[in-house]
Amino acid sequence: MKDFPERQSIRLPFYDYGSAGGYFVTIDTRGKRPLFGAIRDEQLELNQWGRIAQENWLAVPKHFPHVVLDAFIIMPTHMHGILFIVQQEPSDESSYVRAQHAAPIQHHRPRVLPGSLGAIIRSSKSAVTKAINEQRYTPPRAISVASQLL
């Protein structure tokens, strides 16, 4: 596997990404490969995998009722979206779950707080990856590599 340079996080170190507010996110495909479609005659044409990404993005509020989606766009190599986390009831440590929606259990990483932006994006990326790999009849492998918050 190709060694990638260490990415610098653009996240604010002490900000609570589970708090209510608006978030702009970018999710890139692995290697910025054009997996979701193509631009033809200055118009985006989503392919079947782009439609999977779109359907899963639109399903986020179903799995995370405290999320409201705003504008989003899916491009061949990435997607941008604006989402709002609305105030949710505080949870205690006993309410943590080991996996959220489509996100697999990951023993080697710190737990992501349920309902936080990290949990939402991780779940969405996992659902898209799983559905695309099932359609391609390929073993589980990553199709997205990075998420950015701006």
Side-chain angles (χ1 to χ4, degrees), residues 7-38 43-150:
R7 284 189 331 119
Q8 295 296 320
S9 176
I10 60 172
R11 294 180 180 98
L12 297 172
F14 299 105
Y15 185 78
D16 176 6
Y17 284 96
S19 64
Y23 298 91
F24 177 85
V25 297
T26 299
I27 302 171
D28 294 325
T29 60
R30 180 172 288 270
K32 297 202 181 220
R33 292 178 38 222
L35 296 179
F36 297 145
Q43 295 292 317
L44 173 65
E45 290 183 12
L46 291 179
N47 60 22
Q48 63 186 3
W49 300 335
R51 287 188 293 278
I52 287 172
Q54 183 176 43
E55 290 166 11
N56 276 279
W57 182 254
L58 291 172
V60 165
K62 175 182 168 190
H63 304 289
F64 298 92
H66 65 289
V67 172
V68 176
L69 298 178
D70 201 301
F72 74 97
I73 186 165
I74 298 176
M75 301 300 290
T77 62
H78 64 284
M79 70 160 291
H80 300 289
I82 298 171
L83 62 85
F84 292 90
I85 296 177
V86 296
Q87 193 63 42
Q88 52 182 333
E89 293 298 316
S91 62
D92 61 11
E93 183 74 21
S94 66
S95 69
Y96 285 18
V97 293
R98 299 283 299 160
Q100 294 104 24
H101 174 52
I105 295 173
Q106 296 191 2
H107 298 286
H108 62 282
R109 292 187 179 170
R111 285 189 298 182
V112 175
L113 291 177
S116 69
L117 185 63
I120 295 161
I121 300 305
R122 185 170 141 232
S123 175
S124 180
K125 288 168 58 170
S126 294
V128 170
T129 299
K130 181 177 186 231
I132 289 174
N133 283 329
E134 285 173 355
Q135 280 203 357
R136 294 192 305 190
Y137 302 106
T138 57
R141 65 178 179 201
I143 63 158
S144 67
V145 68
S147 301
Q148 298 175 343
L149 315 174
L150 299 177

Using the side-chain contact (heavy atoms from CB on, under 4.5 Å) rule, take Ile120 and Ile85 through it: C-alpha gap first, then chi angles, then the decisive distance, then the call. CA-CA 10 Å; Ile120 295 161; Ile85 296 177; 4.0 Å; yes

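- Annotation: side chain of Val68 is not in contact with side chain of Asp70 (no heavy-atom distance under 4.5 Å).
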Check step by step if side-chain contact (heavy atoms from CB on, under 4.5 Å) holds for Val25 and Leu117. CA-CA 9 Å; Val25 297; Leu117 185 63; 4.2 Å; yes

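- Rounded to the nearest 0.5 Å, atoms OG1 (Thr29) and NZ (Lys125) are 11.0 Å apart.
- In this structure, the side chains of Phe36 and Ile132 come closer than 4.5 Å at one or more pairs of heavy atoms.
- With sequence neighbours excluded, no residue satisfies salt bridge (Lys or Arg N to Asp or Glu O under 4.0 Å) with Glu55.
- By the side-chain hydrogen bond (donor to acceptor under 3.5 Å, both in side chains) test, Gln135 is found to be paired with no residue, residues two or more places apart in sequence or in another chain being considered.
- Residue Trp57 comes nearest to Leu83 through the heavy atom pair CH2-CD2, 3.6 Å, listed as atom of the first residue, atom of the second, then distance.
- Considering all non-hydrogen atoms of both residues, Lys32 and Asp28 come closest at NZ-OD2, 3.7 Å.
- For Tyr15, the ring-ring contact (aromatic ring centres under 6.0 Å, His included) partners two or more places apart in sequence, or in a different chain, are Tyr17.
- Every side-chain contact (heavy atoms from CB on, under 4.5 Å) that Asp16 has, sequence neighbours left out, goes to Ser19.
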Pair up each side-chain donor or acceptor in residues 44-53 with any protein partner under 3.5 Å, not counting sequence neighbours, and list the distances.
unit_1	atom_1	unit_2	atom_2	d
Glu45	OE1	Arg40	NE	3.1
Asn47	OD1	Trp49	N	2.9
Asn47	OD1	Gly50	N	2.8
Asn47	ND2	Leu35	O	2.9
Arg51	NH1	Leu46	O	2.9

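- Listed by chain and number, the residues in a side-chain contact (heavy atoms from CB on, under 4.5 Å) with Pro34 are Pro76, Thr77 (sequence neighbours excluded).
- Atom CD of Gln54 and atom CE of Met79 lie 9.0 Å apart (nearest 0.5 Å).
- The minimum heavy-atom distance linking Thr26 with His78 is given by the pair CG2-CD2, 4.4 Å.
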